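What follows is a single structure, written as structure tokens, with notes after it.
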Amino acid sequence: MKIKTFDGNDIELSQDTIERLKQQIRGQVLIPDETGYEESRTLWNGMIDRKPSIIVRCLGSADVIACMQFIREHKLLVCIKGGGHNIAGLAAADGAIMLDMSLMRGIVVDPVRKIAHTQAGCLLSDVDRETQLYGLAAVLGFVSATGVTGLTLGGGFGYLTRRWGWTSDNVSGMNVVTADARIVRASRDENEDLFWGLRGGGGNFGIVTGIDYNLFPVGPEIIGGIVAWDAKDAPDVLELFRKLAEQAPPELTLVALMRPAPPAPWLPKEMHGKPIVALLACYSGDPDIGVKVVEPIKAFGNRVGDILVRRPYTQLQSLLDATNPNGRRYYWKSEYLPRIEPALCEKIIAHAATIPSPHSAIILFQVEGALNHVGQEHSPVGNRDAHFVLNIPGSWENAVDDQKNIKWVREAWDDMKSFSTGGNYINFQTEDEGRDRMIASLGKDLQQLARVKTKWDPQNIFRMNRNIIPAL
Ligand SMILES: Cc1cc2nc3c(=O)[nH]c(=O)nc-3n(C[C@H](O)[C@H](O)[C@H](O)COP(=O)(O)OP(=O)(O)OC[C@H]3O[C@@H](n4cnc5c(N)ncnc54)[C@H](O)[C@@H]3O)c2cc1C
């Protein structure tokens, strides 16, 4: 079989060689046409269609080490799949060997030390499910099918970020298989440089097989959900968002969005497909207090739908899943914002009025809080001046509509990017975003990241990512 090497060549691997790999692996080794290959190579973003030559579905760190030995022996191009949710499709590469971590979804919660020991293939929902048994939660993202490892290596934010910072700020250690096929621990006490690099520098330094998350008391019930209004009320609703966000206690996280109304049962049928403005809220503290905190939202104007209620935290964590299904075509742009300016709201309203697809949106996530109180030197995720994330997620069904949808996202972004801090979320970068966007995201830490890369992966074996070139 033909397979690519990391130095840019194509080589042949014999059937015997693949059989030998199979003998080393407890999980599955798949080649095209074998059962499970298609499912494994498929990513969340339907725009990406790549065919690795071999897929190894690892079952533990020993499988990962065996793969690394094989990769080194044949100099193979490797890509790593966690939850497969990266918009740029970083998890799959044509002709590569893919390490698919999705069978490694074990979790052990230590409720006394408030730590979750997770395997690298966990999805957000896996971690929430186990930690909530103890009324604890890790700082994770908004859509439950996202992979924890990709999210964490790029930073990570969600409903709990205002209280405790980026996801990667709340990791106490990681287990990593290195480019020279050793397993090492990365933490404050061991391999501190590696630990620093992994918290924002992505999958550049090794293959993470496990992450330990600090946990916090949350739930099991919180106040959370969405209130929606007709888009004609957007000027007032976005002004409400702006004001509430300024005064919000850390337990309250607000998200504003504009989009065509999805066909959700909580929205009246006659609104489906019509433009709406909505506020998504989570009060993660005492629900009895939260009920009062969200009153100004529930009492505002003529709501067309309201599911902002007391509910299990795990339920809120999957509330946005249905609007982000696997396999649709997606193209996003994002910026970090220092504040919400009225002029930005005007632009959001104008661009939301021209959305060409029933699935696209413009979203403002509030993240201001704990992350701003940590020094820039803490870890390369940086962007300690971010108070909001602007995301323009384009989402549509058919390839014939690619051009008009991408054009809409790009025009809206061009018109709004002047409101940015200058930074953007590395995990929201699309395939066509280049080194300038990486520099904007990782800032002056790039030089130190290159030094860490040189130490841990001098041959740049881990290059199917937002790649940091070794400083040779
Ligand atoms: C619908 C949706 C909602 C999202 N919501 C949020 C959100 O609320 N908050 C947020 O912060 N982000 C969010 N994201 C962005 C998300 O953080 C990134 O897409 C992230 O890359 C997803 O991780 P994954 O493991 O699913 O990715 P994959 O596509 O599987 O992997 C992406 C890359 O991560 C690296 N990687 C993955 N696993 C490993 C490993 N074990 N070892 C080394 N490197 C590895 C590799 O470079 C890989 O190519 C969302 C994305 C989507 C699609």
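Start at 1 and go down the list; that is how both ligands and their atoms are numbered. The shown structure was predicted, so the numbers you read here are calculated from the model rather than taken from an experiment.
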Would you check whether Lys81 has a nitrogen or oxygen atom less than 3.5 angstrom from a nitrogen or oxygen atom of ligand 1? no
Are more than 12 heavy atoms from other residues, nucleotides or ligands located less than 6.0 Å from atom CD of Glu38? yes
Do Trp166 and Tyr336 have ring centroids that are under 6.0 Å from one another? yes
Examine Trp456 together with Trp196 and report whether their ring centres are nearer than 6.0 Å. no
Does any N/O atom on Ile207 come nearer than 3.5 Å to any N/O atom on ligand 1? no
Atom 33 (C) of ligand 1 - nearest protein heavy atom and its distance: Leu90 CB, 4.2 Å
Check ligand 1 against Ala120 and write out every atom of the ligand that is under 4.0 Å from a heavy-atom position of the residue. 41 (N)
Which protein non-hydrogen atom lies closest to atom 46 (C) of ligand 1, naming both residue and atom, and how far is it? Ile80 O, 3.9 Å
Please indicate whether any nitrogen or oxygen in Gly84 is less than 3.5 Å from any nitrogen or oxygen in ligand 1. yes
May I ask you to identify, for Trp44, whether its side chain, its backbone, both or neither come under 4.0 Å of ligand 1 on a heavy-atom basis? side chain
Starting from atom 15 (C) of ligand 1, which protein heavy atom do you reach first, and at what distance in Å? Phe428 CE2, 3.6 Å
Count the heavy atoms belonging to other residues, nucleotides or ligands that lie under 6.0 Å from CZ of Arg163, then report whether that count exceeds 12. yes
With heavy atoms of Thr149 as the reference, note each atom of ligand 1 found under 4.0 Å away. 38 (N), 39 (C), 40 (C), 41 (N)
Below 4.0 Å from ligand 1: does a non-hydrogen atom of Tyr425 turn up there or not? yes
Ring centres under 6.0 Å, that's the criterion: do Tyr425 and Phe157 meet it? yes
Tell me the protein heavy atom at minimum distance from atom 36 (N) of ligand 1, and give that distance in Å. Leu153 CD1, 4.1 Å
How close does the nearest protein non-hydrogen atom get to atom 25 (O) of ligand 1, and which residue and atom is it? Gly83 N, 2.9 Å
Given 3.5 Å as the limit, does a donor-acceptor pair link the side chain of Ser334 with the main chain of Asn391, or not? no
For Gly89, is there any backbone N or O sitting under 3.5 Å from a side-chain donor or acceptor partner on Arg50? yes
Quick note on ligand 1: atoms under 4.0 Å from a heavy atom of Met464 include exactly 47 (O), 49 (O)
Could you tell me whether Leu140 approaches ligand 1 through its side chain, its backbone, both or neither, with non-hydrogen atoms closer than 4.0 Å? neither
Check whether any heavy atom of Gly206 sits under 4.0 Å from an atom of ligand 1. yes
Tell me, which protein residue and heavy-atom name are nearest atom 52 (C) of ligand 1, and how many Å apart are they? Trp332 CH2, 3.5 Å
Min N/O separation Asn465 to ligand 1 under 3.5 Å: no
For atom 10 (C) of ligand 1, which candidate among Ile48, Leu123, Leu151, Asn45 provides the closest heavy atom? Leu151
According to salt bridge (charged side-chain N to carboxylate O under 4.0 Å, His left out), does anything in residues 53-68 pair up with another residue at least two apart or in another chain? List the pairs. Arg57-Asp100
Those atoms of ligand 1 less than 4.0 Å from some heavy atom in Thr146: 3 (C), 4 (C), 16 (C), 22 (C)
Please determine, by modelled atom types, if Asn175 and Thr209 share a side-chain donor-acceptor pair under 3.5 angstrom. no
Taking only heavy atoms of Gly141 into account, list the atoms of ligand 1 that are under 4.0 Å away from them. 7 (C), 8 (O), 9 (N)
With atoms numbered from 1 as shown, which atoms in ligand 1 lie under 4.0 angstrom from a non-hydrogen atom of Asn324? 1 (C)
Tell me which protein heavy atom sits closest to atom 53 (C) of ligand 1, plus the residue, atom name and distance to 0.1 Å. His85 O, 3.2 Å
Just which atoms of ligand 1 are under 4.0 Å from any heavy atom in Gly156? 11 (O)
Does an N or O anywhere in Phe142 fall below 3.5 Å from an N or O of ligand 1? yes
Does Phe70 have Arg72 sitting over its ring (NZ/CZ under 6.0 Å from centre, angle to axis within 45°)? no
Measure the distances from the heavy atoms of Gly202 to every atom of ligand 1 and state whether one is below 4.0 angstrom. no
Below 3.5 Å, N or O to N or O, backbone or side chain included: is there any such pair between Phe157 and ligand 1? yes
Nearest protein heavy atom with distance in Å, relative to atom 34 (O) of ligand 1: Gly150 CA, 3.7 Å
Show the numbers, then the answer: is there a salt bridge (Lys or Arg N to Asp or Glu O under 4.0 Å) between Glu433 and Lys333? CA-CA 9 Å; Glu433 289 183 81; Lys333 282 281 177 249; 3.4 Å; yes
Is the distance between the ring centroids of Phe462 and Phe205 under 6.0 Å? no
Out of all atoms in ligand 1, which are within 4.0 Å of some heavy atom of Ala91? Include the element for each. 28 (P), 29 (O), 30 (O), 49 (O)
